[in-house]
Amino acid sequence: MLSEHLSIFTRTSIWRFTLAFTLLVLFISGGILAMVYHFSIAGQQREQNQRLTLAAEGFISLANANSMTTQSFIQSVVERASQTNNMVLALRRNNQVFGNLNHLPQNIPHYPAVLHFPILATNYLGEMELKKVMATRLKTPFGTLLVGLIDDSQDALDQSFSTASLSALGAGMIFTLVVGFIFNSRVLHRVRQINRLTAEVKAGRLQARLPISDESDEFDHIAMQINQMLDEIDELIGSVSSVTDNIAHDLRTPLSRLRIRVEDSLSQQSLTDEDLEWRNLLLQELDHIMDTFNAMLELSRLEKGVSGTEHKTCNLASICQDVQDLIQPIAEDKEQKITLTVHDTCQLTGDPNLLFRAIYNLVDNAVKYGPDGTQVDVTIASNGITIADNGNGIPEEEFDRVFRRLYRLDKSRNSSGFGMGLSIVKAIVSLHQGQIHLSDNQPGLKIDIIFPPEVLLSQTS
């Protein structure tokens, strides 16, 4: 569940924009830090190289002076080494080393190349500590001269700058990711509201609407457009339903008159067997049409929340027992079995006649469209009822369509009925604030009817 949520979270355009923005911030920050390093710490390094170059050039000029003698050059090196705290000088001549270094390292490159190497030196407290020296080697007429500058602050500066840079980049990355996470969560929350609305509308709850905040942002404008669209759809569907109801109501009277005349004509003595047969068939078709019209009018009445009777306490176990007793003889003719299991008491305030009709329609469908030997299980829980069978079931893509008016599956078109049963069932369940869900029972069909806690009177084991 968590991995699925994270997968959805990280696939959003806002999150991709956050990652791209984070990379851009890191790139720009890295460029700025590189410029700061170039003009500060790297600048100090260049100044240190320049000082070493000047010192080396000075000793080269001194060694090449015409009046310079060996003793004078050695004395100049020794005096300069004793007068400075940050310069390292070592002149090697005839296996002797003069200056402030007791020996000359072998791997020091010739000028102008330089090399860093460590030495042990005495600090101002008289303690020995490790120092880093940047040095080069000069070839003079008086011997090999090492010229170096103590450069131990460079590593500390580099380390401090690296630590500060990494900390700043890490803080910037965390900040942008956190801000992106917050923005992404807000956007996903609004998107989920739209997804929930579309799911509710798809399930037939056209009265659902999107909430509109006080921010008046782009999502609020989208929400207003969607709500207006749903208002128009709801009004259009209401108009269509009203027209069909009016047509059904207006046609019911002439059809009733026609049926009465056909029924009266059956009493005539001069009718042949053929006349009686087509008149009886006509009566059956008229009854079928009138039943369809009556079901349409009843469905409209239920969808408007009018039950026609006063709601009272209903016990689902008692209602299901009556349904089982009524349908069991029909099921036995097809060698089918209906079992009733009560796991919990489920009582609610409602219309017992309508609840009986809804449950009867569902169980009757399982028996009617199920093959011989079908097992139908009716289970009562504390918050609703489950009706499951091991029959042929219905395709998953038909789950939402079967609740539409006059909709019938292809395999049921040759059987009796007018495609209003499940529409009426859903209207009855909605009238009692419940929800109905279809699922695959593997094999067969499973129907769950769930009632909210506010309509349940008791939930006892």
Side-chain angles (χ1 to χ4, degrees), residues 1-48 132 151-231 233 383 400 435 437 439 450 452-454:
M1 184 66 180
L2 179 60
S3 61
E4 182 180 354
H5 178 74
L6 289 176
S7 177
I8 295 174
F9 187 88
T10 54
R11 286 202 306 265
T12 61
S13 57
I14 296 296
W15 185 248
R16 289 194 295 268
F17 173 78
T18 299
L19 293 180
F21 181 74
T22 301
L23 293 177
L24 180 62
V25 169
L26 293 178
F27 178 77
I28 295 175
S29 301
I32 294 174
L33 290 174
M35 294 178 61
V36 171
Y37 181 86
H38 176 76
F39 289 106
S40 59
I41 298 177
Q44 292 183 4
Q45 183 65 39
R46 290 191 297 272
E47 291 179 3
Q48 189 81 339
K132 189 176 181 181
D151 194 28
D152 57 336
S153 62
Q154 185 68 31
D155 287 342
L157 288 175
D158 285 342
Q159 185 176 2
S160 299
F161 185 85
S162 299
T163 303
S165 300
L166 291 176
S167 300
L169 291 176
M173 181 180 67
I174 293 174
F175 177 77
T176 53
L177 289 178
V178 169
V179 172
F181 180 86
I182 295 174
F183 287 164
N184 198 29
S185 299
R186 288 174 59 86
V187 171
L188 275 181
H189 174 70
R190 303 298 292 273
V191 172
R192 289 193 185 101
Q193 288 181 334
I194 298 177
N195 289 338
R196 284 195 294 267
L197 174 73
T198 55
E200 291 183 7
V201 172
K202 184 179 179 181
R205 293 183 288 275
L206 295 179
Q207 70 278 7
R209 295 294 183 270
L210 282 174
I212 300 176
S213 66
D214 298 330
E215 299 177 1
S216 297
D217 55 13
E218 63 276 8
F219 285 100
D220 290 321
H221 291 293
I222 294 175
M224 287 189 290
Q225 294 294 328
I226 292 177
N227 290 343
Q228 292 177 3
M229 177 185 67
L230 290 176
D231 290 339
I233 293 175
N383 61 342
D400 292 329
Q435 294 184 355
H437 304 282
S439 59
I450 307 298
E454 52 266 23

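Throughout, residue positions are numbered sequentially from 1 according to the sequence presented. All of these numbers come straight from a predicted model, not from anything done at the bench.
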Given Leu197, Thr198, Asp231, the one that forms side-chain contact (heavy atoms from CB on, under 4.5 Å) with Ile226: Leu197
Closest approach of Pro211 to Ala223 (non-hydrogen atoms, all atoms of both residues): O-CB, 4.1 Å
Non-hydrogen atoms of Leu169 and Gly30 that approach each other most closely: CD2-N, 4.0 Å
Exceeds 12 heavy-atom contacts within 6.0 angstrom, atom CE of Met35: no
CZ on Arg209 to CD on Gln193, rounded to 0.5 Å: 15.0 Å
Gap between atom CG of Asp220 and atom CD of Gln225 - 0.5 Å precision: 12.0 Å
Partners passing side chain to side chain contact (heavy atoms under 4.5 Å, CB included) against Thr22 (at least two apart in sequence or in another chain): Thr18, Leu26, Met173, Thr176, Leu177
